[in-house]
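Working notes, beginning with the structure itself.
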Number of protein chains: 2
Amino acid sequence: MKSIAETIRRGELLSAECPSREVLKHVTSRWGVLLLVVLLGGTHRFSELHRKIGGVSEKMLAQTLKWLEQDGLVLRKSYATVPPHVEYSLTPLGLEVGKRVESLADWIEFNLPRIMEVRQQTSAVEAMEERVS
Amino acid sequence: MKSIAETIRRGELLSAECPSREVLKHVTSRWGVLLLVVLLGGTHRFSELHRKIGGVSEKMLAQTLKWLEQDGLVLRKSYATVPPHVEYSLTPLGLEVGKRVESLADWIEFNLPRIMEVRQQTSAVEAMEERVS
DNA sequence: CGGTATCCTGACCGATACTG
DNA sequence: CAGTATCGGTCAGGATACCG
């Protein structure tokens with residue numbers, strides 16, 4: 001009898017029908033990444049998230065929050081007050097993905113100079129080849 | 001005198017104009033993630049990538065490869081033979097991101113059962129609330 | 001305050017056909 | 001084999017207005 005872990009293992013993700021793709025889509029979505037990173041910093045209210053994440057619209061913020069909530073990564077706590085008070089935080093599951101996403105985001109921020117350098121060189125080479133042809 | 005690392009640090013990514021967003025977009029794009037994971041397994045030819053990554057079109061594969069190549073994450077080696085022979089592999093930079101992306105992908109695959117379970121519960125609750133209203 | 005509903009545009013992306 | 005070119009549809013996502 002194989003364990004679930006052994007049965008699923010690697011490579012499923014490469015299949016077009018793999019349900020993991022859906023979750024991956026939410027997590028790696030334009031605002032999903034940033035949302036997870038911010039929420040790693042602690043509980044936030046809707047308006048706080050909206051302010052911290054530059055460029056996000058209310059619509060997309062709400063939608064992304066809903067995705068992650070349905071995937072069990074984000075916890076939504078609503079207090080029945082007037083005016084309304086809603087708090088978002090990471091579930092234990094969300095904390096796990098969050099850490100991995102942050103690791104990726106941090107790496108990119110930290111190594112951006114090296115990447116920009118490569119980009120410069122590439123466009124320089126292309127400009128030369130342009131002149132030759 | 002601050003080091004570059006200290007100067008950049010955290011939070012730049014949260015600003016809408018941060019150039020990191022562009023790289024993040026390429027890496028976390030629909031096919032970027034899968035591409036990096038596959039290339040972690042070693043050098044591949046175009047057709048091999050196309051076969052391994054279920055559901056990707058030639059167009060999007062070529063485009064994603066080009067993005068990652070320009071970001072210095074993927075190395076493209078072309079041999080002047082007939083028929084053409086092109087090999088793609090990860091640069092040292094690409095290896096770094098690749099490992100982090102794989103960590104994320106692996107986590108999702110492995111924990112998918114737990115996530116699906118949450119999803120089920122959510123839709124069950126919604127069905128109940130539907131009946132009440 | 002914390003959303004939802006609606007409309008709308010551009011970008012993404014797949015299908016097809018063609019090329020070195 | 002390894003792409004590029006073009007077309008067209010879908011959809012992410014922004015703007016605006018409105019609601020509990």
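Here is the naming used below: chain letters follow the sequence lines, and residue numbers restart at 1 for every chain.
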Could you list the donor-acceptor pairs under 3.5 angstrom formed by side chains in residues 36-44 of chain B, with sequence neighbours left out?
| unit_1 | atom_1 | unit_2 | atom_2 | d |
| --- | --- | --- | --- | --- |
| His44(B) | ND1 | Gly42(B) | O | 2.7 |
| His44(B) | NE2 | Lys52(B) | NZ | 3.2 |

**Item:** Counterpart residues, salt bridge (Lys or Arg N to Asp or Glu O under 4.0 Å), relative to Glu69(B) (two or more places apart)
**Value:** none
**Message:** Any heavy-atom pair between the side chains of Leu13(A) and Asp106(B) that's under 4.5 Å?
**Reply:** no
**Message:** Base, sugar-phosphate or nothing for Tyr88(A)? Non-hydrogen atoms, less than 4.0 Å.
**Reply:** sugar-phosphate
**Fill in**
Note: chain A reaches DNA chain C at heavy-atom distances under 4.0 Å over the stretch, first to last nt, 5' to 3', of dC1(C) to dC7(C)
**Asked** What's the verdict on side chain to side chain contact (heavy atoms under 4.5 Å, CB included) for Leu73(B) and Val27(B), showing C-alpha distance, side-chain angles and the deciding distance?
**Response** CA-CA 9 Å; Leu73(B) 306 179; Val27(B) 170; 3.8 Å; yes
**Request:** Please identify each residue that fulfils side-chain hydrogen bond (donor to acceptor under 3.5 Å, both in side chains) with Arg51(A), with sequence neighbours left out.
**Result:** none
Quick test: give all pairs of protein nitrogen or oxygen and nucleotides 13-20 of chain D nitrogen or oxygen below 3.5 Å, distance rounded to 0.1 Å.
| unit_1 | atom_1 | unit_2 | atom_2 | d |
| --- | --- | --- | --- | --- |
| dG13(D) | N7 | Lys59(A) | NZ | 3.1 |
| dG14(D) | OP1 | Arg30(A) | NH1 | 3.0 |
| dG14(D) | OP2 | Ser57(A) | OG | 3.2 |
| dG14(D) | O6 | Lys59(A) | NZ | 2.2 |

**Message:** Using the side chain to side chain contact (heavy atoms under 4.5 Å, CB included) criterion, which residues pair with His85(A)? Sequence neighbours excluded.
**Reply:** Arg45(A), Tyr79(A), Thr81(A), Glu87(A)
**Complete:** Taken in chain and number order and not counting sequence neighbours, the residues that satisfy salt bridge (Lys or Arg N to Asp or Glu O under 4.0 Å) with Lys66(A) are none
**Asked** Going by heavy atoms closer than 4.0 Å, what residues in residues 45-53 of chain A are next to DNA chain D?
**Response** none
**Request:** Start with the C-alpha gap between Leu49(B) and Leu65(B), add the side-chain angles, then the distance that decides, and say whether side chain to side chain contact (heavy atoms under 4.5 Å, CB included) holds.
**Result:** CA-CA 10 Å; Leu49(B) 293 170; Leu65(B) 280 167; 4.2 Å; yes
**Prompt:** Is there a chain of hydrophobic side chains (I, L, V, M, F, W, Y, each step under 4.5 Å between heavy atoms) that links Val97(B) to Trp31(B)?
**Reply:** yes
**Item:** Which residues share a side-chain hydrogen bond (donor to acceptor under 3.5 Å, both in side chains) with Ser89(B), sequence neighbours left out
**Value:** none
**Request:** Using whole Å, report how far NZ of Lys66(B) lies from P of dG3(D).
**Result:** 9 Å
**Partners passing side chain to side chain contact (heavy atoms under 4.5 Å, CB included) against Thr91(A) (at least two apart in sequence or in another chain)** = Leu75(A), Leu93(A)
**Complete:** Residues passing the salt bridge (Lys or Arg N to Asp or Glu O under 4.0 Å) test with Arg21(A), sequence neighbours excluded, are none
**Complete:** When the rotation axes relating C1' atoms of four end pairs to the next four are compared across the helix from dC1(C)-dG20(D) to dG20(C)-dC1(D), five pairs an end, they differ to 10° by 50°
**Asked** Is Ile115(B) reachable from Val74(A) through a run of I, L, V, M, F, W or Y residues, each pair having side-chain heavy atoms under 4.5 Å apart?
**Response** yes
